[in-house]
Amino acid sequence: QVRLEESGGGLVQAGESLKLSCAASERTLSRNSMAWFRQAPGKEREFVAGIFWSTGDTKYADSVKDRFTISRDGAKKTVYLQMNDLKPEDTAVYYCNAIASLRLPIPQFRNWGLGTQVTVSS
């Protein structure tokens with residue numbers, strides 16, 4: 001059974017920080033790479049950050065590079081997204097999913113989790 005459960009979102013002011021968590025199943029982790037995506041109202045879902053589970057290699061969208069940090073905890077089977085210096089344009093529902101590779105961050109599972117809402121006010 002594939003299970004993706006996101007948490008940690010909230011309402012913050014510009015410049016503040018949030019840390020998101022994504023609990024994954026063994027089946028999800030077997031795909032080797034995990035990533036965070038987000039979708040703002042009226043826009044397409046976009047890639048935010050990805051991580052290769054075994055080595056910790058990462059990739060970020062240009063819009064969040066130097067502000068966001070993706071990491072994982074093997075024992076807890078959880079992937080995190082530390083978001084610093086948040087901006088109003090970061091407002092979106094954030095989701096996690098397995099990806100094909102860091103070079104091709106295409107989501108692998110059809111059934112997405114409910115996501116977690118991040119709202120940043122100016």
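Minimum interatomic distance between Arg67 and Leu86 (heavy atoms only, all atoms of both residues): NH1-CA, 3.9 Å. When all heavy atoms of Ala35 and Ile99 are compared, the closest pair comes out as CB-CG2, 3.5 Å. Closest heavy-atom contact between Tyr60 and Ala49: CD2-CB, 3.5 Å. Taking each heavy atom of Ala14 and Ser122 in turn, the nearest pair found is CB-CA, 4.3 Å.
At least one side-chain heavy atom of Phe37 sits less than 4.5 Å from a side-chain heavy atom of Trp112. Side-chain contact between Pro105 and Lys59 is present, with at least one heavy-atom pair separated by less than 4.5 Å. Using a 4.5 Å cut-off on side-chain heavy atoms (C-beta onward), Val118 and Leu18 make contact. Inter-residue side-chain proximity for Asp90 and Arg38 is flagged as met; some heavy-atom pair is nearer than 4.5 Å. Taking 4.5 Å as the limit, some side-chain heavy atom of Asn97 sits within range of a side-chain heavy atom of Leu4. Side-chain contact between Phe52 and Thr58 is absent, with no heavy atoms from C-beta onward closer than 4.5 Å. Two residues are said to be in side-chain contact when any heavy atoms from C-beta on lie closer than 4.5 Å; Phe68 and Gln82 fail this criterion. By the 4.5 Å heavy-atom criterion applied to side chains, Val93 and Arg45 are not counted as neighbours.
Interatomic distance, OH of Tyr80 versus CD1 of Ile51, reported as 11.5 Å (0.5 Å rounding). We find the SG-CE distance between Cys96 and Met34 to be 4.5 Å, quoted to the nearest 0.5 Å. Note: Cys22 SG to Glu6 CD = 5.0 Å, rounded to the nearest 0.5 Å. Ser33 OG to Leu104 CG: the interatomic distance, rounded to the nearest 0.5 Å, is 10.5 Å. With values rounded to the nearest 0.5 angstrom, Met83 atom CE is found 11.5 Å from Glu16 atom CD. Thr69 contributes atom OG1, which lies 10.0 Å from atom NZ of Lys19 (distance to the nearest 0.5 angstrom).
Aromatic pair Tyr94/Trp36: ring centres not closer than 6.0 Å.
In this structure, Ile106 places its CD1 atom where more than 12 heavy-atom neighbours from other residues, nucleotides or ligands lie under 6.0 Å away.
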Inset, instruction - Determine, stepwise, if the pair Arg72 / Lys77 fulfils side chain to side chain contact (heavy atoms under 4.5 Å, CB included). - result: CA-CA 7 Å; Arg72 87 294 197 202; Lys77 301 176 182 178; over 6 Å; no

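Judged purely by distance below 3.5 Å, without hydrogens or angles, the side chains of Asn84 and Ser17 pair a donor atom with an acceptor atom.
Looking only at distances, a side-chain donor or acceptor of Thr78 sits under 3.5 Å from a matching main-chain atom of Lys76. A donor-acceptor pair is defined here as one N or O able to donate and one able to accept, closer than 3.5 Å; such a pair exists between the side chain of Thr116 and the backbone of Gly9.
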